[in-house]
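Below is one structure, written out as structure tokens; the observations come after it.
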Amino acid sequence: MKNLEAELKQLIIDTLELEGVNPKDIASDAPLFSGGLGLDSIDALELGVALKKKYHIHIDTNSAELANYFASIKTLAGFVVSQQNKSTL
Amino acid sequence: MTDVPESSRTLPKNSGIQEIRLGFTLQHWCLWQSKETPFGEFWPGGEVLPYNGGRADVSFFPMMQSRRLSPLARAVSAVAWHSRQQCGDIPSVFLSSHGESQYYFEILQGMAGGEGVSPSRFSLCVHNAIAGLSSIHNASYQPYLSLAGGTEGMFAAFLEAGGILLETSKVLVVWYEQALPDAYQAYLATSETTFALSMILTRGGGPGHQLRLARRPGKGGSNAEDCTTSLVQTILEGRRSAVCHLEQSIWQWSLDDA
């Protein structure tokens with residue numbers, strides 16, 4: 001899971017073009033939106049596209065839990081793993 | 001666009017031909033282009049921003065505001081910001097024939113290949129996106145227009161500026177272009193460089209250099225994009241007058257000392 005968290009930090013930096021931000025600057029349990037990194041709704045959509053492309057996962061945009069999945073690196077990593085497990089069942 | 005001699009700057013009177021004349025005072029201009037600009041006898045009252053390794057410097061914006069800017073949007077944001085430092089918050093007109101062509105062609109290619117569309121790239125392809133970003137960068141509360149120019153090419157911005165100046169004292173005009181994607185180049189004239197040019201215009205007759213334009217109907221040969229590219233060249237070479245033949249009109253202009 002730690003490797004996946006590191007990978008997600010780099011994915012966020014690359015995808016959202018966060019110049020000057022290093023993976024170590026992003027705490028795994030810090031909020032990604034609403035403060036924290038200061039990401040906005042376009043970033044959330046952009047990140048969703050990048051996650052689908054990299055991990056071939058399904059993201060249900062109608063899910064009431066979506067905001068919780070994208071709350072932090074830690075919750076996002078948990079979401080990616082759960083979706084990958086679903087697709088391998 | 002070609003040089004015209006000083007003596008023929010005024011269009012001949014020709015009854016039956018509708019002529020439009022526009023006069024502005026040029027208060028400031030600013031240019032960035034994606035190639036080194038050798039020092040020369042530029043037009044007075046303006047500046048060429050540093051090449052900066054091919055990426056216009058926008059370090060004066062917070063990172064979260066500049067991170068999504070394309071090379072073209074960086075160029076526009078840089079010249080508009082520098083001009084606004086001279087004039088404060090004023091209405092603005094932005095003109096580009098093809099805008100973010102590199103982005104939207106990339107999106108079309110991705111869609112053809114069954115890939116998802118990048119939401120931020122998509123939102124930045126909208127023709128008024130760059131003007132909107134510039135407005136945000138400068139915390140502007142003034143109106144802005146975003147034009148593609150149509151058959152009047154870059155001169156459409158002067159027409160709009162003339163109209164805006166009937167109601168206000170200053171207007172910022174920004175022209176910008178970049179090379180079209182390869183797939184289009186066999187069909188359309190295209191700029192070889194990425195550039196953005198801004199001007200602060202006030203009503204004619206004020207203190208400063210006088211930019212005079214005249215339009216008359218006519219058939220010509222030049223492509224609308226060629227005229228914008230030639231304007232940049234004219235500024236950098238310090239030439240003070242030119243004529244541009246467009247599809248349905250002939251535009252003649254000059255820059256005179258006050």
Side-chain angles (χ1 to χ4, degrees), chain A residues 7-27 30-63 65-67 69-73 76 79-80 83-84 86-87, chain B residues 50 52-78 81 99-100 102-137 139 178 194:
Chain A
E7 205 172 271
L8 286 171
K9 289 176 185 178
Q10 193 60 53
L11 179 73
I12 286 174
I13 290 168
D14 295 341
T15 303
L16 307 182
E17 299 176 70
L18 302 177
E19 275 179 38
V21 176
N22 293 308
K24 62 179 170 46
D25 299 331
I26 306 174
L32 293 173
F33 301 87
S34 310
L37 267 185
L39 306 182
D40 58 27
S41 56
I42 296 279
D43 290 320
L45 292 167
E46 196 72 49
L47 192 52
V49 172
L51 289 170
K52 282 182 194 174
K53 195 170 176 180
K54 186 169 175 76
Y55 299 107
H56 307 288
I57 57 173
H58 173 71
I59 300 176
D60 178 6
T61 51
N62 293 318
S63 168
E65 291 297 306
L66 201 58
Y69 299 147
F70 280 68
S72 67
I73 289 290
L76 201 53
F79 172 66
V80 169
Q83 291 301 302
Q84 285 177 324
K86 265 187 196 173
S87 61
Chain B
N52 194 40
R55 279 166 66 85
D57 177 28
V58 290
S59 57
F60 33 80
F61 298 137
M63 183 272 282
M64 294 303 273
Q65 283 188 5
S66 63
R67 66 195 170 105
R68 290 188 189 128
L69 297 178
S70 69
L72 183 64
R74 288 176 75 97
V76 176
S77 299
W81 186 85
E100 289 284 19
Q102 298 289 346
Y103 271 9
Y104 60 68
F105 189 70
E106 206 176 283
I107 288 174
L108 289 171
Q109 279 186 310
M111 287 172 70
E115 291 176 15
V117 173
S118 158
S120 62
R121 289 284 172 97
F122 179 78
S123 65
L124 293 174
C125 284
V126 179
H127 202 64
N128 65 359
I130 288 180
L133 285 171
S134 178
S135 176
I136 292 169
H137 292 151
Q178 65 180 342
T194 298

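Just so it is clear, the model here is predicted, and its values are computed rather than measured. Order of the sequence lines fixes the chain letters, A, B, ..., with proteins taken first and strands second; residue numbering starts at 1 for each chain.
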TODO: With the side chain counted from C-beta on, respond yes when Val21(A) and Arg67(B) share a heavy-atom pair under 4.5 Å apart, and no when they do not.
DONE: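 The answer is no; the side chains never approach within 4.5 Å.
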TODO: State, with a plain yes or no, whether a side-chain heavy atom of Arg68(B) is found less than 4.5 Å away from one of Leu16(A).
DONE: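 No, too far: nothing below the 4.5 Å cut-off.
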Task: Heavy-atom proximity to chain B below 4.5 Å, by part of Leu37(A) - done: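 Contact with chain B: backbone only.
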Open item on the list: Between Arg55(B) and Glu19(A) (salt bridge meaning N to carboxylate O under 4.0 Å), is one present in this structure?
Closed with: yes
TODO: Apply side chain to side chain donor-acceptor pair (under 3.5 Å) to Glu17(A) and list each qualifying residue two or more places apart in sequence or on a separate chain.
DONE: none
Determine all donor-acceptor pairs shorter than 3.5 Å in which one atom belongs to a side chain in residues 105-112 of chain B; sequence neighbours excluded.
unit_1: Glu106(B); atom_1: OE2; unit_2: Arg121(B); atom_2: NH1; d: 2.6

Open item on the list: Test side chain to side chain contact (heavy atoms under 4.5 Å, CB included) on Leu18(A) and Met64(B); report intermediate values, then the result.
Closed with: CA-CA 7 Å; Leu18(A) 302 177; Met64(B) 294 303 273; 4.0 Å; yes
Open item on the list: With a sphere of 6.0 Å drawn around OH of Tyr55(A), does it hold more than 12 non-hydrogen atoms of other residues, nucleotides or ligands?
Closed with: yes
Open item on the list: If we check side-chain contact (heavy atoms from CB on, under 4.5 Å) with Leu45(A), which of these qualifies: Pro119(B), Ser123(B), Ser120(B)?
Closed with: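 Running side-chain contact (heavy atoms from CB on, under 4.5 Å) over Pro119(B), Ser123(B), Ser120(B) with Leu45(A) returns exactly one hit, Pro119(B).
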Open item on the list: How close do Val49(A) and Val117(B) get, counting heavy atoms only, and between which atoms?
Closed with: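 Heavy atoms of Val49(A) and Val117(B) come nearest at CG2-O, 3.8 Å.
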